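This report concerns only the one structure given below.
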Protein chains: 2
Amino acid sequence: MNEKTNLADSAYLQLKRDITSGAFKPDDKLLMSHLRDRYEIGTGPMREALSRLVAEHLVTAASQRGFRVAAMSTEELHDIYFARASLEAMIAELAVQKGDDSWEASVIASAHTLSRVEEVENAEQMLSLWDSRHKAFHNAIASGCGSNKLMELRTTMLDQAERYRQLWLRHTVFSPEALADKRNEHKMLIETLLSRDTKKVRTLVFEHMMNPIPIIEDILQEQGLAG
Amino acid sequence: MNEKTNLADSAYLQLKRDITSGAFKPDDKLLMSHLRDRYEIGTGPMREALSRLVAEHLVTAASQRGFRVAAMSTEELHDIYFARASLEAMIAELAVQKGDDSWEASVIASAHTLSRVEEVENAEQMLSLWDSRHKAFHNAIASGCGSNKLMELRTTMLDQAERYRQLWLRHTVFSPEALADKRNEHKMLIETLLSRDTKKVRTLVFEHMMNPIPIIEDILQEQGLAG
DNA sequence: TTTGCAAAAAATATCTACATTTTTATATAA
DNA sequence: TTATATAAAAATGTAGATATTTTTTGCAAA
């Protein structure tokens, strides 16, 4: 079952990556001729890729005026993070109610794997390894909720948060204190999950998800992306 | 500020309506030549419209094999309605916490408007009027949550539920008993909202949103759409 | 000179028509 | 029947035509 892929698909993936990684800046004009050169593709498939990203709110479209990278702002930062924290807290609560033994095991396993990110030479490698394992950890928790659609909504929010989250990530991973804080939060989170105290899980997850906001806000100010 | 619109936009809107209204059935092949004829449009813009609907999960795409209307199933019915009920309950809880006087007023106003859907001749008109006012009522409640992103997630789920909801709608609006039940549920809901009992609001909204499931399940069976 | 406006030119977005590639259906032979 | 070859249908992609927006230029008035 090798999933084939057409040009629109690959342009979609590349452009999405280029936007979340910052290769294209917020509010940048996405010039069709430039995109065609960059991704070696015709206008047709390119517009398909853009249309999908418009649906995901990473790109905006104005008829007859083409496409732009969606803007960033502290306002949107708060909106996205609040919605995401609320959703994640609710999903965690459900996971605690529904999760079985194998769920507990997968949470503990992914937490352990995350705690072992240290003996890496390259700083950038460290960043991406911690990021992927951190995501895997929170993903393991959420997976217990038992709802595909809620998991899809969660992915939607994660995609929209990604550009903001990247700012936070560098700050956190390269700061031993911040990293230690996270370790503690995760430890406390696991204890609470295992205790099955749903109410406490909800507030703890909510707060854990809201913590990055002030940090990101500062970085947005510094970089003049505050909008 | 007259929002201009291109062919892809209008094809997107028309096709979306045609899918949710049942003009195209679940799992139908969406033949490009047919779509081009129907919407009087070339392949380019048509594919843009389809790409957006793929992102919204109303259409599925298989590379080199074109597009299909997303299937329906009792499994998906449960998944969508559970996620939607959970989300709506959470949003209602937030609305109760944050909503001000004008929010209360708009909820009561839209409930009143809904209760006055009666003196209409045409049955189909009655259906669409009750539907839009019912939506407006629940929208008024949710609007109090104060989060654009949560409202967007809510719209996402509403769109995905729409085909299932249409089945329930006919059943409910054309049954005096079912309609009376809804009236009571709404009355009780408003009382609880005004009492600001957040916990009760949450469970009440959740149950209200889950009620249609068995009815829709039956209709899916009858129509052989159970998948 | 500088500013404002209008017309022309350039750049860009959008759409269609057609060419190419891939899948699906049909026919034929083992 | 089953497998293989052939034909038809369909999806995908590109190039170029058309329409719209933006920029530049030219000119007149302050």
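Here is how names work: the chains are called A, B, and so on, in the same order as the sequence lines, proteins then strands, and each is numbered from 1. Note that the structure is predicted; figures quoted are calculated from it, not measured.
Rounded to whole Å, atom C1' of D:dT20 lies 15 Å from atom CZ of A:Phe67. The distance between atom CE of A:Met32 and atom P of D:dT21, rounded to the nearest whole Å, is 16 Å. Straight-line distance from the CG atom of B:Asn6 to the C1' atom of D:dT21: 14 Å, rounded to whole Å. Taking atom CZ on B:Arg68 and atom P on C:dT23, their separation rounds to 15 Å, with Å as the unit. For the pair A:Met46 CE and D:dG13 C1', the interatomic distance rounds to 14 Å; values are reported in whole Å. C:dA13 atom C1' lies 10 Å from atom CD of B:Glu48, rounded to whole Å. Note: CZ (A:Arg47) to C1' (C:dT14) measures 6 Å, nearest angstrom.
A salt bridge links B:Arg52 with B:Asp9; the closest basic N to acidic carboxylate O contact falls under 4.0 Å. A salt bridge links B:Glu124 with B:Arg170: the distance from a Lys NZ or Arg NE/NH1/NH2 to an Asp or Glu carboxylate oxygen falls below 4.0 Å. Note on B:Lys135 versus B:Glu162: salt bridge recorded, some NZ/NE/NH1/NH2 to OD/OE distance being below 4.0 Å. Electrostatic pairing of B:Glu93 and B:Lys98 does not count as a salt bridge here, judged by no charged N lying under 4.0 Å from a carboxylate O.
Remark: B:Ile41, B:Gly42, B:Gly44, B:Pro45 in residues 33-45 of chain B come within less than 4.0 Å of DNA chain C through at least one heavy atom. Listed by residue number, the members of residues 57-66 of chain B with any heavy atom below 4.0 angstrom from DNA chain D are B:Ala62, B:Ser63, B:Gln64, B:Arg65, B:Gly66.
Enclosure of atom CG in B:Asp101 is not indicated, since only 12 or fewer non-hydrogen atoms of other residues, nucleotides or ligands lie within 6.0 angstrom.
Taking only side-chain atoms of B:Leu31, from C-beta outward, the nucleotide of C:dT12, D:dG13, D:dA10 with the closest atom is D:dA10. The side chain of A:Lys29 approaches C:dT12 more closely than any other nucleotide in the set C:dT12, D:dA11, D:dG13.
Rounded to the nearest 0.5 angstrom, B:Ser147 OG and B:Leu94 CG are separated by 8.0 Å.
The heavy-atom pair separating B:Ser51 from A:Ser51 by the smallest distance is CB-CB, 4.4 Å.
Two residues are said to be in side-chain contact when any heavy atoms from C-beta on lie closer than 4.5 Å; B:Met157 and B:Glu88 fail this criterion.
Among residue pairs with one or both ends in residues 121-175 of chain A, those qualifying as ring pair (Phe, Tyr, Trp, His ring centres under 6.0 Å) are A:Trp130-A:His134, A:His134-A:His138, A:His134-A:Trp168, A:His134-A:His186, A:Phe137-A:His186, A:His138-A:His186, A:His138-A:His208; sequence neighbours excluded.
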